*Asks:* 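Before anything else, here's the structure in question.
Just so it is clear, the model here is predicted, and its values are computed rather than measured. Index from 1, following the sequence.
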Amino acid sequence: MRAIRRFTVRTALPEPLRPLEELILNLRWSWHHETRDLFRSVDPALWDAVGHDPVRLLGEVAPERLERLAGDRRFLRRLDDLAEELREYLTAPRWYQSLGASADSGGPARAIAYFSPEYGITAALPQYSGGLGILAGDHLKSASDLGVPIIAVGLLYRHGYFAQSLSRDGRQLERYPPIDPDGLPLTLLRETDGAPVRVTIGLPQGRRLHAQVWLARVGRVPQLLLDSDVDDNDRAARDVTDRLYGGGGDHRLLQEMLLGIGGVRAIRAYCRITGHPAPEVFHTNEGHAGFLGLERIRELVAEQGLTFDEALEAVRAGTVFTTHTPVSAGIDRFPRELVERHFGGDAENRDVPLERVLDLGAETYPDGDPAVFNMAVMGMRLAQRVNGVSRLHGLVSREMFGGLWGGFDTADVPVGAITNGVHAETWVAREILDLVAREAPSVVEAGKGWERLRHLPDLELWRVRRALRGRLVAEARRRLRASWRSRGAGEAETAWIDEALDPDVLTIGFARRVPSYKRLTLMLRDPERLRALLLHPERPVQIVIAGKAHPADEGGKRLIQEMVRFADGEDVRHRIVFLPDYDMALGRLLVQGCDVWMNNPLRPLEACGTSGMKAALNGGLNLSIRDGWWDEWYDGRNGWAIPSADGLDEPDRRDALEAAALYDLIEDQVAVLFYDRDPSGLPRRWMEMVKHTLAALGPKVLASRMLRDYVTELYTPAAAASRAMRADGYAGARELAAWKQRVAKAWPGVAVKRVEADAAEGPHVGGRLSVRAVVELAGLDPADVAVEAVYGRVDESDTLLDPSSVELAPAEPDDDGRACYVGEVPLRRSGAFGYSVRVVPRHRLLAHRAEMGLIALPPEPNRVPNGALR
């Protein structure tokens with residue numbers, strides 16, 4: 001007989017061991033080595049058996065062992081010291097608390113709400129699928145370390161993402177192990193009377209979707225996870241949070257409504273119960289949580305009496321939107337009629353009219369599809385500040401979404417970039433951290449002193465690197481044996497695994513999700529060439545591979561099967577292995593143990609790609625296409641750049657060229673350098689590259705650098721803008737909404753009527769060009785616009801290249817009473833030069849002059865055949 005419901009009974013700890021629960025219920029243990037050491041000492045063998053999950057550890061440890069520990073004075077001293085150290089960590093001022101208040105803005109945000117559909121905090125809390133969740137987890141951990149007052153919001157998936165295994169013929173198989181929240185380091189959020197908090201959102205046909213709220217403590221950061229598996233719901237509603245990225249469009253839409261709308265309501269409940277400051281800034285990590293903006297608009301209309309447009313301005317001012325994908329397939333796009341069904345009819349809220357909702361997600365730009373509702377587009381329209389996750393990705397995003405900002409050039413599209421970073425304490429091997437700390441104490445915490453790592457002793461660093469490689473080999477053999485047994489292999493068929501891989505062989509790692517653009521099988525392009533690299537008699541190479549394809553991605557599954565079949569070959573299987581069930585634990589092992597991290601996406605389709613950052617912090621070198629973060633931080637001495645055949649229209653030809661370049665780099669440079677040893681057996685030139693990588697990349701790739709950038713460039717300005725909107729009963733929001741309506745109505749009549757220019761002594765370097773523009777303002781006040789001269793080098797088609805701009809000053813109106821503007825353009829360089837004039841809206845509460853997507857340009861370039869000025 002099967003149980004109809006499962007749950008976890010937690011251990012009742014003896015009184016002296018009660019601080020253990022305090023340590024377990026704060027996920028700081030997942031990156032705090034001393035706390036993990038304490039857990040290990042409870043029962044070392046059991047700690048390894050439960051996958052370093054302290055909740056499971058206490059659930060399975062023998063009561064007799066707990067009783068002995070309750071009388072162990074040395075253990076109790078360690079326990080009390082760590083509990084006290086945690087309390088100090090949670091309450092003492094940190095970097096963020098040192099930021100002073102500014103006279104203009106009132107200081108940094110008092111609280112920031114951070115919404116993400118997935119979080120990779122620890123393998124013991126499997127609520128992530130890939131890079132987006134891992135990045136979100138590192139974001140929270142670094143926010144905690146820096147004292148940034150974030151409240152995180154997500155969903156609690158009762159089956160998480162899938163666990164992966166392989167069939168006999170190498171095909172990916174999925175299973176969804178059930179997750180019991182009572183067996184996780186979570187507590188229910190409860191009202192002051194002890195009743196569990198419930199959030200509810202309306203559905204069509206009078207149905208309701210209810211959710212309870214689980215609370216995780218990620219250091220100083222409270223994380224709220226909404227869970228629809230409650231008795232108040234019908235079966236379909238209970239399954240809304242069943243699994244991550246599962247189900248069809250209707251299921252995904254309900255998940256995102258719960259995340260966005262329900263998430264705001266959960267935050268309101270949490271702040272009401274705990275007294276936590278209400279968020280001034282809302283950060284939407286990808287479009288999945290975009291509906292949070294609709295809920296905030298509803299609040300302002302219902303509670304503050306604002307119109308929809310006024311509420312929209314107030315919401316936009318305090319919202320940050322981060323896009324993580326440079327491919328349209330990575331964006332959630334729902335059929336328009338599906339959104340109509342959930343936000344219209346009997347489900348429509350009069351404060352948030354259906355047509356306004358549909359307008360926010362409409363693809364109104366060229367080549368947009370009028371039949372779909374685009375979550376990323378809605379996220380951008382609801383946010384005053386938008387960013388990509390690397391410099392190159394910012395450029396790609398400006399090109400991808402530029403249509404939302406009308407006629408502005410790509411460079412003027414208001415999408416910035418903050419390059420991702422990684423949380424060192426989570427991903428860097430303890431041996432590396434200890435070695436680094438001896439040379440440069442507090443280098444990770446302070447983000448300074450990395451240059452000193454150029455002086456690390458080669459011998460000591462090489463010994464650590466070999467130990468980490470050996471650890472990877474040992475664990476890879478264990479996982480490989482388990483995989484082969486699960487595929488039906490007998491004991492005799494797995495004997496070879498004892499000799500698989502070698503701790504002294506150059507080890508390349510490749511692990512990631514398996515969409516087609518990441519090209520898992522590019523290395524198989526020429527199997528014989530790869531085989532020769534793996535089996536080279538003097539400079540052999542071994543490759544450790546992991547990755548998951550989405551359960552619905554049949555193409556990705558075929559790629560995995562192709563890779564597994566090659567790796568199963570008897571002649572190479574000791575040199576190339578595919579390890580199933582890629583998760584945080586395996587990822588950590590790989591980035592710590594590999595000598596080289598390989599990445600070969602189709603450029604520029606990798607938004608950032610942080611695995612290579614983790615490898616670099618562990619003393620690994622990168623071998624990558626110049627995409628994502630590697631495009632901006634590759635310097636020729638921290639690894640190798642695989643040449644990319646950008647612009648080729650034939651994908652097959654492009655793959656062939658890039659694969660050949662990859663083989664050449666491995667054979668002629670990577671392997672040669674690794675095996676070039678001095679008389680003492682050390683690869684001195686290799687170690688110079690490793691130390692340079694640590695010194696040069698270390699301070700850049702840290703998530704603490706990333707968080708500081710978010711605070712200074714996005715969160716603090718957003719908080720200031722939000723306060724300006726809220727002041728005096730939302731006077732700013734009312735003013736801006738009315739101004740935008742007036743400007744938008746008049747704008748079709750705004751025109752640049754005439755542009756005149758003169759260089760007094762002829763155009764020459766060091767001279768100045770006087771510009772005068774006559775503008776029809778169509779009833780707008782001159783203060784409503786900025787008139788700018790835009791100038792710089794031009795190509796053969798007279799397109800301005802990397803232009804600069806200077807604002808023109810108002811002058812006396814012309815004879816027809818039209819506005820005139822004058823100014824000077826500096827001529828700083830020789831060669832082909834051009835200029836134009838543009839008119840854009842201007843208001844003190846706009847974050848960017850392109851914000852409204854309105855621009856007026858001269859009807860045609862002002863030129864004469866011989867190019868003389870006029």
*Asks:* Which of these, Glu735, Glu313, Glu310, sits in a salt bridge (charged side-chain N to carboxylate O under 4.0 Å, His left out) with Lys740?
*Replies:*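 The salt bridge (charged side-chain N to carboxylate O under 4.0 Å, His left out) with Lys740 is passed solely by Glu313 among Glu735, Glu313, Glu310.
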
*Asks:* Only counting residues at least two apart or in another chain, list the ones meeting ring pair (Phe, Tyr, Trp, His ring centres under 6.0 Å) with His843.
*Replies:*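 Partners of His843 under the ring pair (Phe, Tyr, Trp, His ring centres under 6.0 Å) test: Trp739.
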
*Asks:* When you compare the side chains of Glu256 and His288, does any donor N or O come within less than 3.5 Å of an acceptor on the partner?
*Replies:*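 Yes.
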
*Asks:* Considering all heavy atoms of both residues, which atom of Leu382 and which atom of Gly293 are nearest to each other, and what is their separation?
*Replies:*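 In terms of heavy atoms, the two residues are closest at CD1-CA, 4.0 Å.
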
*Asks:* Taking NZ, NE, NH1 and NH2 as the nitrogens, is one of them in Glu191 or Arg272 under 4.0 Å from a carboxylate oxygen of the other?
*Replies:*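 Salt bridge flag = yes for Arg272 with Glu191.
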
*Asks:* With a 4.0 Å cut-off, would you call Glu337 and Arg341 a salt bridge?
*Replies:*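 No, this pair does not count.
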
*Asks:* Could you please spell out the steps behind the ring-ring contact (aromatic ring centres under 6.0 Å, His included) verdict for Tyr710 and Tyr715?
*Replies:* CA-CA 6 Å; Tyr710 270 104; Tyr715 293 162; 5.8 Å; yes

*Asks:* Can a donor-acceptor pair be found between the side chains of Asp309 and Gln741 at a distance below 3.5 Å?
*Replies:*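 Yes - a donor-acceptor pair under 3.5 Å links their side chains.
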
*Asks:* Kindly give the heavy-atom pair with the smallest separation between Ile418 and Leu714, and that separation in Å.
*Replies:*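 Of all heavy-atom pairs spanning Ile418 and Leu714, the closest is CD1-CD1, 3.6 Å.
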
*Asks:* So, for Arg207 and Ala236, which heavy atoms are closest and what is the spacing to 0.1 Å?
*Replies:*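 Smallest interatomic distance, heavy atoms only, reads NH2-CB, 4.1 Å.
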
*Asks:* Can you find a side-chain donor-acceptor pair between Arg726 and Ser722 that sits under 3.5 Å?
*Replies:*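 On atom types as modelled, these side chains qualify, holding a pair under 3.5 Å.
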
*Asks:* Is there a donor in the side chain of His283 and an acceptor in the side chain of Thr322, or the other way round, less than 3.5 Å apart?
*Replies:*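 Per modelled atom types, His283 and Thr322 side chains form a pair under 3.5 Å.
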
*Asks:* Minimum heavy-atom separation for Arg734 to Gly305, with atom names?
*Replies:*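 That would be NH1-O, 4.1 Å.
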
*Asks:* I'd like to know if the side chain of Arg391 reaches the main chain of Thr419, judged simply by a donor and an acceptor atom lying under 3.5 Å from each other, with no hydrogens or angles considered.
*Replies:*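 Side chain of Arg391 to backbone of Thr419: no pair is present.
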
*Asks:* Just checking, is any N or O donor in the side chain of His210 or Asp231 under 3.5 Å from an acceptor N or O on the other one?
*Replies:*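 Note: His210 and Asp231 side chains miss the donor-acceptor criterion.
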
*Asks:* Looking at Tyr161, does the NZ or CZ of Arg243 lie under 6.0 angstrom from its six-membered ring centre and within 45 degrees of the ring axis?
*Replies:*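 Verdict for Tyr161: no cation-pi partner in Arg243.
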
*Asks:* Would you sort out whether Asp145 and Lys141 count as a salt bridge (charged side-chain N to carboxylate O under 4.0 Å, His left out), showing the intermediate values?
*Replies:* CA-CA 6 Å; Asp145 291 341; Lys141 294 172 186 177; over 6 Å; no

*Asks:* Evaluate the criterion salt bridge (charged side-chain N to carboxylate O under 4.0 Å, His left out) for residue pair Arg268 and Glu299; output intermediate values, then yes/no.
*Replies:* CA-CA 11 Å; Arg268 302 305 186 209; Glu299 290 178 331; 2.7 Å; yes

*Asks:* Dump the intermediate steps for ring-ring contact (aromatic ring centres under 6.0 Å, His included) on Tyr245 and His550, then the final yes or no.
*Replies:* CA-CA 9 Å; Tyr245 301 143; His550 187 280; 7.2 Å; no

*Asks:* Checking side-chain polar atoms at under 3.5 Å, does Ser397 have a donor or acceptor matched by the opposite partner on Thr323?
*Replies:*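 Side-chain D/A pair, Ser397 to Thr323: absent.
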
*Asks:* With salt bridge (charged side-chain N to carboxylate O under 4.0 Å, His left out) as the criterion, how do Arg158 and Asp180 come out once you've worked through the C-alpha distance, each side chain's angles and the decisive distance to 0.1 Å?
*Replies:* CA-CA 7 Å; Arg158 289 301 182 113; Asp180 176 16; 5.2 Å; no

*Asks:* Going by atom types only, do Thr426 and His423 share a side-chain donor-acceptor pair under 3.5 Å?
*Replies:*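 Yes, side-chain donor-acceptor contact under 3.5 Å.
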
*Asks:* Judged by modelled atom types alone, do Tyr157 and Asp227 share a side-chain donor-acceptor pair under 3.5 Å?
*Replies:*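 Side chains of Tyr157 and Asp227: no pair found under 3.5 Å.
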
*Asks:* Does the side chain of Arg296 pick up a donor-acceptor pair with the side chain of Thr319 at under 3.5 Å?
*Replies:*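 Yes, side-chain donor-acceptor contact under 3.5 Å.
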
